[in-house]
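Quantities reported herein were computed from a predicted structural model and do not represent experimental measurements. Numbering of ligands and ligand atoms starts at 1, following listing order.
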Amino acid sequence: MHLMCIVGARPNFMKMAPILRELDGLSGIRTTLVHTGQHYDKNLSDIFFEDLQIRRPDVSLGVGSGTHAQQTAEVMKAIEALLIDLSKSESPIDRIVVVGDVNSTMAAALAAAKLHVSIAHVEAGLRSFDRTMPEEINRIVTDAISDLLLVSEPAGVENLLKEGHPPDRIHLVGNVMIDTLKSQIDRAKKQNILAELRLAPNQFGVVTLHRPSNVDDPKVLEGLLNVLSQTSREIPLVFPVHPRTRARIAEFGFQQFLDACPTIRWTEPLGYLDFLCLTSQAKVIVTDSGGLQEESTALGIPCLTMRENTERPITCEEGTSTLIGNSIELLAENLRRVLDDTYKSGYCPKLWDGQAAKRIAAILAK
Ligand code: UD1
């Protein structure tokens, strides 16, 4: 069986790493790893291959950035050509494996579906019910055309059933992102990043913001940067700045926030191990990242989620996440609870046990 595993952007790499490792350990399965090149900066791409010891991609498409339509179209064209090429070889692709909800995920799935190549979608069924998020469109489209729907939390199964997907295509397998976290946590804790940033365990916060809804509107971004400056007077913060956010800060002339806050450590985006070293020893995480909501729940670290909704409800219901939207009052109130040690505690959801990739590989191998 020949499987094509497709990655494109930062959150894909830690999801695909354990799946690829499992598949490569099975006899009778051949994998081709394709990197679309949606993310291409060293700190958003190569560093994850090094940190997670992922083998080099067999094919790099180098599609790069663009508008949604441009990027989606470039990935579709390149994946279509590759699939057609391989269909003429002695080893055509039997199924593609896509993960998550980025543009590369949906584009690869669309190209495969039109060529009648089967699709397995890992992290299927998640819904924020907010179609202004590009990722929500990507999730709905990818699931609609996938043959195997591999789900990380029970809400995903419910959503897929409500949408009319046949039950025999849906498998609750757990969370592959947490497989990677569990396998790397000991290595991560040996990183030097706390000393480099002059931080003490449990006495700092980690911030990431990159969603268009938080960083593309100058009023919203200014409000968030203001609260972060105020918070940093009580507890030092580390803020690895995504290229989109850095570009908006420059465009809106908000550089003064970066210059005026010595207790916020603004850094380039960090590699997997450095970042996990920080998040696993943080007092609090403030983020709009879906992946980080899940990782903080697995780590038991309070997570204040700067979003109005989440496609990962279990992180709020069972885990350590609270939806803050962009309310400055709610953020301040919940930070107070964290600092006073009265913030809720959570637990790690069932099947987020480090074995999700094994379950996925067993299903794919059938
Ligand atoms: C993408 C995903 C998002 C994910 C995020 C993680 C989509 C729709 N969005 O958002 O779900 O949470 O990745 O980071 O797929 N850029 C660089 N270097 C790079 C890549 C991008 O500087 O290596 C800059 C470019 O100016 C680009 C912008 O960042 O236009 C946005 O990149 P893009 O991949 O379109 O979306 P992200 O915001 O990274």
Side-chain angles (χ1 to χ4, degrees), residues 6-16 35-51 57 60-76 78-79 98-110 121-124 126-128 130-142 152 177 180 206-217 220-221 239-252 267-272 275 279 285 287-296 303 305-307 309-312 315:
I6 295 156
V7 292
R10 180 169 62 180
N12 289 167
F13 308 130
M14 41 280 218
K15 292 171 194 168
M16 193 60 88
H35 188 338
T36 67
Q38 175 173 345
H39 282 176
Y40 42 85
D41 281 355
K42 182 174 191 318
N43 281 12
L44 292 187
S45 178
D46 285 5
I47 199 165
F48 290 86
F49 282 76
E50 287 158 24
D51 278 1
S60 292
L61 303 176
V63 300
S65 301
T67 65
H68 285 276
Q70 282 164 352
Q71 194 170 57
T72 304
E74 290 307 320
V75 175
M76 283 182 73
I79 295 281
V98 291
V99 293
D101 55 15
V102 301
N103 285 346
S104 298
T105 309
M106 176 189 72
L110 274 169
H121 182 207
V122 176
E123 208 183 85
L126 299 185
R127 298 288 181 268
S128 65
D130 173 2
R131 291 197 182 191
T132 64
M133 281 180 83
E135 293 83 0
E136 182 73 353
I137 308 293
N138 294 343
R139 292 180 202 116
I140 294 168
V141 172
T142 307
S152 55
M177 192 113 169
T180 296
V206 174
V207 180
T208 77
L209 294 172
H210 74 285
R211 295 228 172 258
S213 55
N214 282 329
V215 306
D216 285 359
D217 178 332
V220 174
L221 183 57
F239 188 163
V241 188
H242 187 280
R244 172 190 283 277
T245 311
R246 190 170 292 281
R248 296 300 176 266
I249 288 175
E251 185 185 331
F252 303 147
T267 73
E268 291 299 311
L270 297 172
Y272 185 80
F275 194 63
T279 52
I285 293 169
T287 190
D288 56 12
S289 146
L292 200 41
Q293 281 173 64
E294 297 184 335
E295 289 168 333
S296 53
C303 180
T305 301
M306 304 311 291
R307 292 181 47 189
N309 49 53
T310 178
E311 60 288 338
R312 295 161 161 89
T315 60

- Taking only residues two or more places apart in sequence or in another chain, which ones pass ring pair (Phe, Tyr, Trp, His ring centres under 6.0 Å) with His121? none
- Atoms in ligand 1 flagged as close to His68, the criterion being non-hydrogen separation under 4.0 Å: 8 (C)
- Query: Which bit of Leu44 is near ligand 1, meaning a heavy atom under 4.0 Å away: side chain, backbone, both or neither?
  - Reply: side chain
- Please work out which of Ala9, Pro243, Gly8 has its closest non-hydrogen atom nearest to atom 22 (O) of ligand 1. Pro243
- Who passes salt bridge (charged side-chain N to carboxylate O under 4.0 Å, His left out) against Glu295, sequence neighbours left out? none
- Any side-chain heavy-atom pair from Arg139 and Ser128 closer than 4.5 angstrom? yes
- Task: Provide the number and element of each atom of ligand 1 under 4.0 Å from a heavy atom of Asn103.
- Result: 7 (C), 8 (C), 15 (O)
- In terms of its nearest heavy atom to atom 39 (O) of ligand 1, the top option of His39, Met106, Arg244 is His39
- Item | Glu135 and Arg211 ion-paired at < 4.0 Å | yes
- Task: Using a strict 4.0 Å cut-off to heavy atoms of Arg10, name the atoms of ligand 1 that fall inside it.
- Result: 14 (O)
- Item | Proximal atoms of ligand 1 relative to Pro11 (non-hydrogen, under 4.0 Å) | 6 (C)
- Could you tell me whether the side chain of His210 reaches within less than 4.5 Å of the side chain of Arg246, counting heavy atoms only? no
- Considering only protein heavy atoms, which is closest to atom 27 (C) of ligand 1, and at what distance to one decimal place? Ser65 OG, 3.3 Å
- Asp41 (side chain) donor-acceptor with Asn43 (main chain) under 3.5 angstrom: no
